[in-house]
Trainee: 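Submitted below is the structure of interest, expressed as structure tokens.
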Amino acid sequence: MSHWCRVEGLLVEPMGHLWAAFSPATGETVLLNDESASILEVLEEKGVADTAEISASLVVDSGLDVDALAAIVESAWPRLAEAGLVREQPIRHAIA
Amino acid sequence: MTADEARLSRPLGEVQIAELTQALAGNGLWIDFGAAIVRVQSDCAVFAAQLRTVYGQFPFADQSEWADLHVRIRRPRGLRRWVRPQVKFQYDSQQPFEPFPADSPLPLFEWGCNWLIGRRLNDVLLLHAGVVEKGGLALLLPATPGSGKSTLTAALSQRGWRLLSDEFGAFDPEAGTFRAVLKPIALKNRSIDVIRRFAPQAVLGREFPKTRKGTVAHLAPQRDAVERRHEGARPGAIVLPRWEAGSPTRFEPLTDNSVFPALAFNAFNYSLLGAVGFQAAVRLVRQCPAWRLVYSDLDDALIAIETVWPQVVERRRASPK
């Protein structure tokens with residue numbers, strides 16, 4: 001399973017019922033929903049995490065079961081990566 | 001005051017056309033917009049009179065030590081000097097646009113300067129917005145072309161609000177204030193007559209038909225706005241205007257997530273400023289209450305704004321940072 005981390009210098013701010021995120025990697029700003037912002041928040045705490053770890057962290061707050069959450073988190077990675085908000089960590093770094 | 005100081009302290013509107021023409025043909029004319037100074041030279045005979053009308057309250061300066069922008073409005077050589085004559089805009093020896101008809105140097109100058117300011121003024125977050133001020137607080141009017149931003153900005157400037165800019169919301173992230181980029185307001189098509197009726201005392205330049213934006217006429221900034229063009233304004237409120245024919249006035253509060261894109265994704269240099277631009281846009285959204293204003297009647301629109309303005313002032317008084 002892939003491990004992910006936030007890009008360095010990422011800025012995330014609540015913006016009404018959405019979130020605004022600025023990626024220094026791409027220089028672009030995107031608006032995020034709560035699910036994406038939650039993933040980034042957990043990554044900020046953990047540094048590096050995979051889908052299972054993120055889902056486990058969010059299960060209490062979300063009220064969803066862990067499988068449903070895992071599907072949401074897994075589907076979010078490509079969009080977050082494309083927006084320059086997260087990057088995949090080589091596995092040796094994740095273990096270290 | 002020395003004779004030279006007296007000569008230079010005159011408003012441009014009081015300078016003889018011959019003297020202006022001579023300055024333009026010589027060292028040039030320095031016009032201080034507030035956040036930027038332009039030096040303009042020209043060999044175009046009608047340009048002096050057009051400038052004098054709409055920059056009439058600006059101080060006359062035919063010498064200075066500094067200019068941010070150096071531009072020339074020139075008549076081309078060759079056949080175009082005589083057959084359907086034209087004028088061209090040059091900066092740093094480059095000519096970025098197609099020439100305009102020879103009788104239209106002012107719209108070319110205005111358009112070219114705006115284009116240059118949009119590319120060069122990168123020590124501020126340059127929002128595409130009108131800005132007016134009252135009581136030290138700025139009212140920001142971000143909008144897309146055709147939304148009625150210029151008409152509303154012009155109307156406010158004629159009813160006790162100080163004009164900072166019709167085109168550029170120049171937010172200085174370090175100072176936390178808007179800076180003036182004070183230039184004449186380019187009114188287009190029906191807006192020209194709307195403002196003539198709304199403010200018969202307003203000084204408008206001649207109409208230029210058949211520009212890319214239709215007929216354009218420029219509204220001259222008033223003396224107070226010119227005299228205070230180096231005075232900033234703290235963020236006060238944001239109003240997103242939209243003119244709709246026949247619409248009753250609607251004034252609705254906006255959520256932060258509606259306002260943020262209207263600022264950040266409608267700015268000239270947001271991407272260029274990177275994190276600084278992001279943080280500045282976030283700060284403005286946090287500090288300023290925002291509304292959407294749909295209008296067709298200018299008087300009604302101004303009443304709507306004036307009605308909420310005491311709330312804006314009170315909010316800033318309670319939370320000055």
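Quick note on labels: first sequence line is chain A, next is B, and so on, each numbered from 1. Values below: all heavy atoms of this structure, side chains included; hydrogens, waters and symmetry mates excluded.
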Trainee: Any idea how F97(B) and F89(B) line up, ring-wise: parallel (<30°), tilted (30 to 60°), or perpendicular (>60°)?
Mentor: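 F97(B) and F89(B): tilted rings.
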Trainee: Is R119(B) paired with D92(B) through a side-chain N to carboxylate O contact shorter than 4.0 Å?
Mentor: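 Between R119(B) and D92(B) there is no salt bridge, as every charged N stays at least 4.0 Å from the carboxylate O atoms.
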Trainee: Give a yes or no on whether Q94(B) atom CD has more than 12 heavy-atom contacts from other residues, nucleotides or ligands under 6.0 Å away.
Mentor: yes
Trainee: Identify which of A21(A), G9(A), P24(A) forms the greatest number of heavy-atom pairs closer than 4.5 Å to chain B.
Mentor: A21(A)
Trainee: What residue, out of P261(B), S271(B), A275(B), has the most heavy-atom pairs lying under 4.5 Å from chain A?
Mentor: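 Maximum pair count with chain A is reached by A275(B).
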Trainee: Do the non-hydrogen side-chain atoms of E110(B) and P184(B) ever get within less than 4.5 Å of each other?
Mentor: yes
Trainee: Quick one: what part of L31(A) sits under 4.5 Å from any heavy atom of chain B, side chain, backbone, both or neither?
Mentor: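 The side chain, not the backbone.
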